[in-house]
Participant: 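Structure incoming, see below.
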Amino acid sequence: MRSAFWLLALFGIAVAVALVAGNNQAMVTLFWPPHRVDISFNLLVLLLAGLFTLLYVALRAASAVFSLPAEARRWRAQQKERAMYAAFMDALSHLMAGRFIRATKLAQNAIIQEKSLSQLARTSSDVGGYSAARATQLRLLAHLLTAESAQALQNRSLREEHLRQALETSTHRIAQETREGVQLRAARWALDDRDPAAALELLNQLPQGAARRTLALRTKLRATRQARQTSQALETARLLAKHRAFSPPAAQSIVRGLALELLGGAHDPTQLQAAWQSLDASERAMPELVIHAASRLMALHGDADLARSWLLQVWEPVMQPRSEVSDTQRIKLIQVLEQGLDSIDAAWLARIETAQQQRPRDANLQYLAGMTCLKRQLWGKAQQLLSQASLALQDLTLHRNAWRALALLAEQRGDEAGAVQAYRRAAEV
């Protein structure tokens, strides 16, 4: 369609020239004493057009001649830039392929090419398309590639040198964004070197927004766990779970493990209570954590009533026959309650008795009720419950304790043969 319009325009111009110049009888007289020249007006127009064309071509030729040095400098700059990007891309490819020595050499070559290009840009303004910000960003990434290759080759001196140069390079705004990636990478290298303090220092230097990204939080979680900073690791794990960095079961498992480690790290009842209060409400409702906290408090000779108050919230769910809690946790709950039978109150006695009556065939509840009766000097009932429990207990510790308790009951009633037999059965477990 455009070609048709151009053809119509040319026809129109031809018609207009034919109408104007075809019947034009005008003459132009040029006086140059003592000469006189008479020419037609049409010829004068053609001569002027030709002169204009000649001058235009001459000026363009002169401009091209004088611009040759600038074009040569621009061409050299383009060649350097192409070589720089080619070296960088090859270095990245070799790094991904595991050719770390080649990647190091090519990345260093890219750095040299960039320095040469930047010097050429400073000395001449004819370098077209050169961007100082992008060049700085590429130089920073080239330093990062070199440091990454050096890390793979266990060349720490070379890694630290290029890491320092990368951090010093990141002054421009665009390069500042790349600096965050360099710091995160350096933090991971520090973790590989088992230096969590250096990793945490690098992570603390990140801006607030970058420090809350998933990758930064994952790195911080590793660093705090290596540094045995369980409280900070637990807080970081909570943030990761909130950001859905893990699947819900995995997040719950990580948080539960860190909470168990936090509670296990307490060395006195005061520290344990402080650690317990630092947990979230959802964490304090986990049966594993409740039982572990109560067991730890008992082991530290803390307040038994406080431990039982913690266990109260999980007593019913744990003792349900179809509870999701494992048998190991039920047995651990029974062991924790057994440690405080000397000071157990009437309310807990009623709970234990009710649970045993509701599930009379549960050997674990028979054992707990029997040990409770033993502590209360109800010898006959204790003998009956422990005898029944000893036939079905699966846990070796409870089984052994049941036979030892039966041996004590036999000694209490003067049955030496029964006591010896019970001790023998306890030793065989």
Participant: Thinking salt bridges, do Glu288 and Lys332 make one under a 4.0 Å N-O criterion?
Facilitator: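 Result for this pair is no, no salt bridge flagged.
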Participant: Using modelled atom types and a 3.5 Å cut-off, is there a donor and acceptor pairing between side-chain atoms of Glu201 and backbone atoms of Ala197?
Facilitator: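 Pair absent, no side-chain N/O of Glu201 close to backbone of Ala197.
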Participant: Within a strict 4.5 Å, meaning less than it, do heavy atoms of the Asn401 and Tyr367 side chains meet?
Facilitator: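 They are in side-chain contact.
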Participant: Would you say the side-chain atoms of Ser387 pair up with the backbone N or O of Gln383, donor to acceptor, closer than 3.5 Å?
Facilitator: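 Present.
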Participant: When you look at Leu258 and Leu221, which way does the side chain to side chain contact (heavy atoms under 4.5 Å, CB included) test go after all the steps?
Facilitator: CA-CA 11 Å; Leu258 289 171; Leu221 178 61; 4.0 Å; yes
Participant: Decide yes or no for Arg218 and Arg222: does some side-chain heavy atom of the first lie under 4.5 Å from some side-chain heavy atom of the second?
Facilitator: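 Counting from C-beta outward, Arg218 and Arg222 never come under 4.5 Å.
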Participant: Could you tell me whether the side chain of His162 and the main chain of Glu160 form a donor-acceptor pair under 3.5 Å?
Facilitator: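 No, His162 side chain to Glu160 backbone: no donor-acceptor pair under 3.5 Å.
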Participant: Distance check, rounded to the nearest 0.5 Å: Met89 atom CE versus Leu92 atom CG?
Facilitator: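 That separation rounds to 6.0 Å.
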Participant: From Arg330 CZ over to Asp362 CG, what is the distance, rounded to the nearest 0.5 angstrom?
Facilitator: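 Going from CZ on Arg330 over to CG on Asp362, the span is 8.0 Å.
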Participant: Minimum heavy-atom separation for Leu217 and Ala211, please, with both atom names.
Facilitator: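 Taking every non-hydrogen atom into account, CD2-O, 3.7 Å.
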Participant: Considering only heavy atoms from C-beta outward, does the side chain of Gln366 approach that of Arg359 to under 4.5 Å?
Facilitator: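 No, side chains not in contact.
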Participant: When you measure from the side chain of Glu283 to the backbone of Asp280, do you find a donor-acceptor pair of N or O atoms at a distance under 3.5 Å?
Facilitator: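 Confirmed, Glu283 side chain pairs with Asp280 backbone.
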Participant: Would you please test Leu306 and Trp310 for side chain to side chain contact (heavy atoms under 4.5 Å, CB included) and show each step?
Facilitator: CA-CA 6 Å; Leu306 178 61; Trp310 293 348; 3.5 Å; yes
Participant: Taking atom CG as the centre, does Leu239 end up with more than 12 heavy-atom neighbours from other residues, nucleotides or ligands that are less than 6.0 angstrom away?
Facilitator: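 Count over threshold, so yes.
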Participant: Does a side-chain heavy-atom distance below 4.5 Å link Tyr423 with Glu411?
Facilitator: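 Yes, close enough: below the 4.5 Å cut-off.
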Participant: Just checking Gln154: does its CD atom have more than 12 heavy atoms from other residues, nucleotides or ligands closer to it than 6.0 angstrom?
Facilitator: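 Yes, because the 6.0 Å sphere around CD of Gln154 holds more than 12 heavy atoms from other groups.
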Participant: If every non-hydrogen atom of Leu145 is compared with every non-hydrogen atom of Ala91, which pair is closest and at what distance?
Facilitator: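 For Leu145 versus Ala91, the nearest heavy atoms are CD1-CB, 4.2 Å.
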Participant: Within the distance-only criterion (no hydrogens, no angle test), does the side chain of Ser116 pair as donor or acceptor with the backbone N or O of Ile112 below 3.5 angstrom?
Facilitator: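 Side chain of Ser116 to backbone of Ile112: no pair is present.
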Participant: If you measure from the Lys or Arg side-chain nitrogens to the Asp or Glu carboxylate oxygens, is any gap between Asp90 and Arg102 under 4.0 Å?
Facilitator: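 Between Arg102 and Asp90 there is no salt bridge, as every charged N stays at least 4.0 Å from the carboxylate O atoms.
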Participant: Heavy atoms, side chains only, cut-off 4.5 Å: are Ile111 and Met84 in contact?
Facilitator: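 They are not in side-chain contact.
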Participant: Could you walk me through whether Val314 and Met286 pass the side chain to side chain contact (heavy atoms under 4.5 Å, CB included) test, one step at a time?
Facilitator: CA-CA 8 Å; Val314 299; Met286 293 181 181; over 6 Å; no
Participant: Classify the angle between the aromatic ring planes of Trp315 and Trp348 as parallel (below 30°), tilted (30 to 60°) or perpendicular (above 60°).
Facilitator: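 Ring orientation of Trp315 relative to Trp348: perpendicular.
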Participant: I'd like to know whether Leu374 forms a side chain to side chain contact (heavy atoms under 4.5 Å, CB included) with Leu385, so could you lay out the CA-CA distance, the side-chain angles of the two residues, the decisive distance to 0.1 Å, and finally the verdict.
Facilitator: CA-CA 10 Å; Leu374 180 62; Leu385 292 171; over 6 Å; no
Participant: Return the minimal non-hydrogen interatomic distance between Leu153 and Thr104, and the atom names on each side.
Facilitator: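 Looks like CD1-OG1, 4.4 Å.
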Participant: Hey, are Glu353 and Gln357 close enough side-chain-wise for a donor-acceptor pair under 3.5 Å?
Facilitator: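 Side-chain D/A pair, Gln357 to Glu353: present.
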Participant: Quick one: are Glu71 and Trp75 in side-chain contact, heavy atoms under 4.5 Å?
Facilitator: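 They are not in contact (no side-chain heavy atoms under 4.5 Å apart), so the answer is no.
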Participant: Could you tell me the separation between the CD atom of Glu235 and the OG1 atom of Thr224, rounded to the nearest 0.5 Å?
Facilitator: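 If we round to the nearest 0.5 Å, Glu235:CD and Thr224:OG1 are 10.5 Å apart.
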Participant: Could you check whether any side-chain N or O of Asp268 sits under 3.5 Å from a backbone N or O of Thr270, counting only pairs where one atom can act as donor and the other as acceptor?
Facilitator: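 It does hold such a pair.
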Participant: Say you draw a straight line from OG of Ser278 to CG of Leu262; how long is it, rounded to the nearest 0.5 Å?
Facilitator: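 Here the interatomic distance stands at 5.0 Å.
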Participant: Does any non-hydrogen side-chain atom of Arg296 lie less than 4.5 Å from one of Trp276?
Facilitator: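 Result no, sub-4.5 Å side-chain heavy-atom pair not found.
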Participant: How long is the gap from CG on Leu393 to CD1 on Ile331, to the nearest 0.5 Å?
Facilitator: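 Going from the CG atom of Leu393 to the CD1 atom of Ile331 covers 8.0 Å.
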Participant: Are the side chain of Gln313 and the backbone of Arg284 linked by a donor-acceptor contact shorter than 3.5 Å?
Facilitator: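 Checked: pair present.
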Participant: One pair to check against salt bridge (Lys or Arg N to Asp or Glu O under 4.0 Å): Arg376 and Asp342. What are the steps and the verdict?
Facilitator: CA-CA 9 Å; Arg376 295 294 174 178; Asp342 293 333; over 6 Å; no
Participant: Donor-acceptor pair, distance only, cut-off 3.5 Å: does the side chain of Asn204 make one with the backbone of Leu200?
Facilitator: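 Yes; judged by distance alone, with no hydrogens or angles, the pair exists.
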Participant: Have a look at Ile334 and tell me which of Asp395, Asn364, Ile352, Ile291 forms a side chain to side chain contact (heavy atoms under 4.5 Å, CB included) with it.
Facilitator: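 For Ile334, the side chain to side chain contact (heavy atoms under 4.5 Å, CB included) check succeeds only for Asn364.
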Participant: Heavy atoms only: give me the nearest His243-Arg212 pair and the separation to one decimal.
Facilitator: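 That closest heavy-atom pairing would be CE1-O, 3.4 Å.
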Participant: Do Thr146 and Arg159 touch side chain to side chain, with heavy atoms closer than 4.5 Å?
Facilitator: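 A side-chain contact is absent here, since even the closest heavy-atom pair is not under 4.5 Å.
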Participant: Please check if the number of heavy atoms outside Arg188 that lie under 6.0 Å from its CZ is greater than 12.
Facilitator: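 No - once you tally the heavy atoms of other residues, nucleotides and ligands closer than 6.0 Å, there are 12 at most.
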Participant: Going by the angle between their ring planes, with limits at 30° and 60°, are His399 and Trp403 parallel, tilted or perpendicular?
Facilitator: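 Correct class here is tilted.
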Participant: Which value, rounded to the nearest 0.5 Å, describes the distance between Asp193 atom CG and Gln226 atom CD?
Facilitator: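 Rounded to the nearest 0.5 Å, the CG-CD separation comes to 10.0 Å.
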Participant: For Pro207, does its backbone N or O pair with a side-chain atom of Glu180 as donor and acceptor, under 3.5 Å?
Facilitator: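 Absent.
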Participant: Just wondering, more than 12 heavy atoms not from Arg238 lying within 6.0 Å of its CZ?
Facilitator: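 Yes.
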Participant: Give the minimum heavy-atom separation between Val336 and Ser295, together with the two atoms involved.
Facilitator: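 In terms of heavy atoms, the two residues are closest at CG2-CB, 3.4 Å.
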Participant: Can you tell me if Ser390 uses its side chain to pair, donor with acceptor, with the backbone of Leu386 under 3.5 Å?
Facilitator: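 Yes; judged by distance alone, with no hydrogens or angles, the pair exists.
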Participant: Taking all heavy atoms of Ala166 and all of Leu140, pick out the closest pair and write down the distance.
Facilitator: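 Minimum heavy-atom separation between Ala166 and Leu140: O-CD1, 3.7 Å.
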Participant: Please name the residue in the list Asp303, Leu297, Leu337 that meets the side chain to side chain contact (heavy atoms under 4.5 Å, CB included) test with Arg308.
Facilitator: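 It is Leu337, the one option of Asp303, Leu297, Leu337 that forms the side chain to side chain contact (heavy atoms under 4.5 Å, CB included) with Arg308.
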